[in-house]
Protein chains: 2
Amino acid sequence: MKLTTKGRYAVTAMLDLSLHYGEGPITLADIAQRQGISLSYLEQLFSRLRKKSLVASVRGPGGGYSLGKSAEEIFVGEVISAVDENIDTTRCNGAHNCQNNERCLTHDLWSDLSNQIYSYLNKISLQDLMDRKAVREVADRQDHADHDELSGLDISMADGSNDLAGT
Amino acid sequence: MKLTTKGRYAVTAMLDLSLHYGEGPITLADIAQRQGISLSYLEQLFSRLRKKSLVASVRGPGGGYSLGKSAEEIFVGEVISAVDENIDTTRCNGAHNCQNNERCLTHDLWSDLSNQIYSYLNKISLQDLMDRKAVREVADRQDHADHDELSGLDISMADGSNDLAGT
DNA sequence: TACATTCCCAAGCAAAATAGTCAAGATTAT
DNA sequence: ATAATCTTGACTATTTTGCTTGGGAATGTA
């Protein structure tokens, strides 16, 4: 599992979808506008999410996306690994031949770590996220935003993500 | 914190250094040969490790690197964040202005996740890794390898890493 | 002093991944 | 018929990664 903005976008979009569940199918255009993600990029992400049955789609006018299962059953880890595909063929991938056809020194460390993070992320469901107060507050703001304001401005540059971020 | 092969290289090299601690300063050339990492790349990584005082260096003949603190006091998380520098200026970095100058929907999720992974990795010391049976076995093999064998061959392509890896 | 050995540092570079655009189509409600 | 919406694939720009090159600076040994 990798942890990049790609996975973040996917989780953000899925959470948006969850929050508006019950309003019928949600269009990607809506999500793009509310979450500030490019529509075409969302299309790519949702293509992968659909292949993993995390979302279901309805075409045509009034169509859009809905969750493939209930929000309690969709976990953050699933969403991230759905979009990240992680075909890292540069190292051992479970085979024990990382170095000179034998196992590298830290082989097991990375396996363990991978499992740990994966299991952590797979305990957090979309429903859990929706239950968070801070999430609901932001969602409310987004829903009641004057959408016209978006046409004129472009997003400030002075941002940066609190991604898995240390230094 | 990012989790890439860069951090893996750094941890592998630091672990090699720990395992040969007590033999006096270890040269990067030795580590490069044992672990199959390019010497120049190691130099770059160790430059950063040195700036964070994770290693100490001695120049000149007979010189090399040694641990900056004892193996019990150096944690995997430190090593990874030392080399990854993580100047991700594309999103919010702790400021709460990820989207349109306000907080994005999953802001807290990524903060929490970051902290979780960071604290997991910061519980694992180099000493812990050295105590693992599998690590000692691989280290023994590497130490007793016929080094001449390396001159002729090039590493097989059929590898791939078990990095944080899901799919 | 010469010199080999080692660390140190900066520039540059190819390949891959990321983030995104663009264009064409398929499906379906109205 | 038409417009809204998903679906797909190709293409592009930028960044990161992993690595090379080429020079240094320090220092033990002869």
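Proteins come first, then strands; the chains are lettered A, B, ... in the order of their sequence lines, and each starts at number 1.
- The CG atom of Leu28(B) sits 8 Å away from the C1' atom of dC7(C) (whole-angstrom rounding).
- Atom-to-atom, CD1 of Ile31(A) to P of dT5(D) comes out at 13 Å; the value is rounded to the nearest Å.
- What separates CZ of Arg48(A) from C1' of dA17(C) is a distance of 11 Å, to the nearest Å.
- The nearest whole Å value for the distance from the CD atom in Gln33(B) to the P atom in dT6(C) is 13 Å.
- Where Ile26(A) and Gly62(B) meet DNA chain D, the nucleotide closest to each residue was compared, and Ile26(A) sits on the side nearer the 5' end.
- Residue Ser38(B) places at least one side-chain N or O under 4.0 Å from the OP1 or OP2 atom of dT20(D).
- If you find the closest nucleotide of DNA chain D to Gly60(A) and to Lys51(A), the one lying nearer the 5' end belongs to Gly60(A).
- Looking at heavy atoms from C-beta onward, Leu129(A) lies in side-chain contact with Val76(A) at the 4.5 angstrom threshold.
- Side chain Gln44(A) to base dT21(C): a donor-acceptor pair is found below 3.5 Å.
- Comparing atom distances between the Thr27(B) side chain and each of dT17(D), dT8(D), dC7(C) picks out dC7(C) as nearest.
- Judged purely by atom type and a 3.5 angstrom limit, Glu78(A) uses its side chain to pair as donor or acceptor with the backbone of Phe75(A).
- With rounding to whole Å, Asp30(A) atom CG is found 8 Å from dT5(D) atom P.
- At distances below 3.5 Å, at least one donor-acceptor pair connects side-chain atoms of Glu73(B) with backbone N or O atoms of Ser70(B).
- Atom-to-atom, CZ of Arg59(A) to P of dT5(D) comes out at 14 Å; the value is rounded to the nearest Å.
- Residue Tyr65(B) places at least one side-chain N or O under 4.0 Å from the OP1 or OP2 atom of dC8(C).
- For Ser40(A) and Pro61(A), each mapped to the nucleotide of DNA chain C holding its nearest heavy atom, the one lying further toward the 5' end belongs to Ser40(A).
- For Lys6(B) and dA16(C), the NZ to C1' distance is 14 Å, given to the nearest whole Å.
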Which is it for Ser125(B) and Asp128(B) under the side-chain hydrogen bond (donor to acceptor under 3.5 Å, both in side chains) test, yes or no, and what are the steps along the way? CA-CA 5 Å; Ser125(B) 70; Asp128(B) 293 334; 3.2 Å; yes
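- Nearest to the side chain of Ser57(B), among dC8(C), dT27(C), dT18(C), sits dC8(C).
- A close approach under 4.0 Å does not occur between any side-chain nitrogen or oxygen of Arg50(A) and OP1 or OP2 of dC6(D).
- Looking at Arg50(A) and Glu43(A), no side-chain N of the basic residue comes within less than 4.0 Å of a carboxylate O on the acidic one, giving no salt bridge.
- Separating the CG atom of Leu39(B) from the P atom of dC7(C) is a distance of 8 Å, rounded to the nearest angstrom.
- At a cut-off of 3.5 angstrom, counting only N and O atoms as typed in the model, there is a donor on one side and an acceptor on the other between the side-chain of Glu43(B) and the base of dC9(C).
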